[in-house]
Amino acid sequence: MPVRALAALLCAGLICGASAVAQEPPAQSPQELFRDVLLKDASTTSGVKRLLRTNAGFVSPTPVFADLTGDGKSDAVVTVENGGAAGAVAAYVLTAEGSDSGALRVAFRNQSLYRGRVRMSGPTVTVVLPVYARGDDVCCARHAIERDYAWDATAKTFTRRATRTVTIGPTAARSRSRG
């Protein structure tokens, strides 16, 4: 009998403990945090906000973190994607630079991408956009425009530093293999 009573007490404790845990609010994921920042930002386009509010688009689950503003704190490079052929449709750099409270703000935005990609090299953010020519498949543009952006501490924003057209896709693979 004492074993049954002990088992009943253990079960009751587990049930009560489980309900207490279930009542705690879950921690906010980085995706949810970045989504909230973008939705609250007055300069986020209505199209991007609509994608995020209707779940037709989402903040990529793979943000990249680096100190892009030189303040010793990590900044986040995030994209908004539609989950379909358009891929990344917007790119942002979120930073707490200049904030005593650590509140995030959008320091860079490019909200008119189609199959965009973002990469970083040191403090430089590069946005890559395919350039389609007649006969190119959606997956396989032969060229892309790369635009480099870097932090301007005086203006407290990112400024464009370079623009170049590069060869990508099958043509680039052939030229590299001849190398």
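Side-chain contact between Trp151 and Leu68 is absent, with no heavy atoms from C-beta onward closer than 4.5 Å. Between Leu94 and Leu38, the closest side-chain pair of non-hydrogen atoms falls below 4.5 Å. Val128 is not listed as a side-chain neighbour of Val118, based on a closest heavy-atom distance of 4.5 Å or more. Between Arg109 and Val48, the closest side-chain pair of non-hydrogen atoms is not below 4.5 Å. Between Val64 and Met120, the closest side-chain pair of non-hydrogen atoms falls below 4.5 Å.
The two atoms that bring Tyr132 and Asp137 nearest to each other are CE2-O, 3.4 Å, heavy atoms only. Nearest heavy-atom pair across Leu104 and Ala96 is CD2-N, 4.0 Å. In terms of heavy atoms, Pro130 sits closest to Arg115 at CD-O, 3.5 Å. Closest approach of Lys73 and Asp67 over heavy atoms only: O-OD1, 3.2 Å. Minimum heavy-atom separation, Asp41 to Lys49: O-NZ, 3.2 Å. Between His143 and Thr165, the shortest heavy-atom distance links the atoms CB-CG2, 4.3 Å.
Atom OG1 of Thr124 and atom CZ of Arg147 lie 16.0 Å apart (nearest 0.5 Å). To the nearest 0.5 angstrom, Arg53 atom CZ is 5.5 Å from Leu39 atom CG. Taken to the nearest 0.5 Å, the OG1 atom of Thr62 stands 8.5 Å off from the CD atom of Gln31.
Leu51 and Val106 fall within a single hydrophobic cluster, where Ile, Leu, Val, Met, Phe, Trp and Tyr are joined by side-chain heavy atoms under 4.5 Å apart, directly or via other members. Val78 is connected to Val37 through a chain of hydrophobic side-chain contacts under 4.5 Å among Ile, Leu, Val, Met, Phe, Trp and Tyr, so both are in one cluster. Taking hydrophobic clusters as Ile, Leu, Val, Met, Phe, Trp and Tyr residues chained together by side-chain heavy-atom distances below 4.5 Å, Val59 does not share a cluster with Leu113.
Thr79 and Glu81 are linked by a side-chain donor-acceptor pair at a separation below 3.5 angstrom, with hydrogens and angles left out of the test. Asp152 and Thr159 share no donor-acceptor pair across their side chains, judged by distance under 3.5 Å alone.
When atom types are taken as modelled, the side chain of Gln111 and the backbone of Thr45 share a donor-acceptor pair closer than 3.5 angstrom.
The 12-atom threshold is not exceeded at CZ of Arg117, counting heavy atoms of other residues, nucleotides or ligands nearer than 6.0 Å.
Classified by interplanar angle (parallel below 30°, tilted 30° to 60°, perpendicular above 60°), the ring pair Phe65/Phe34 is tilted. By the 30° and 60° cut-offs, the orientation of the rings of Phe108 relative to Tyr149 is tilted.
Between Arg164 and Asp148, at least one side-chain N (NZ, or NE/NH1/NH2) sits under 4.0 Å from a carboxylate O, which counts as a salt bridge.
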message = Could you go through Thr44 and Leu52, starting from their C-alpha distance and side-chain angles, then the distance that decides it, and tell me whether this counts as side-chain contact (heavy atoms from CB on, under 4.5 Å)?
response = CA-CA 11 Å; Thr44 300; Leu52 293 173; 5.5 Å; no
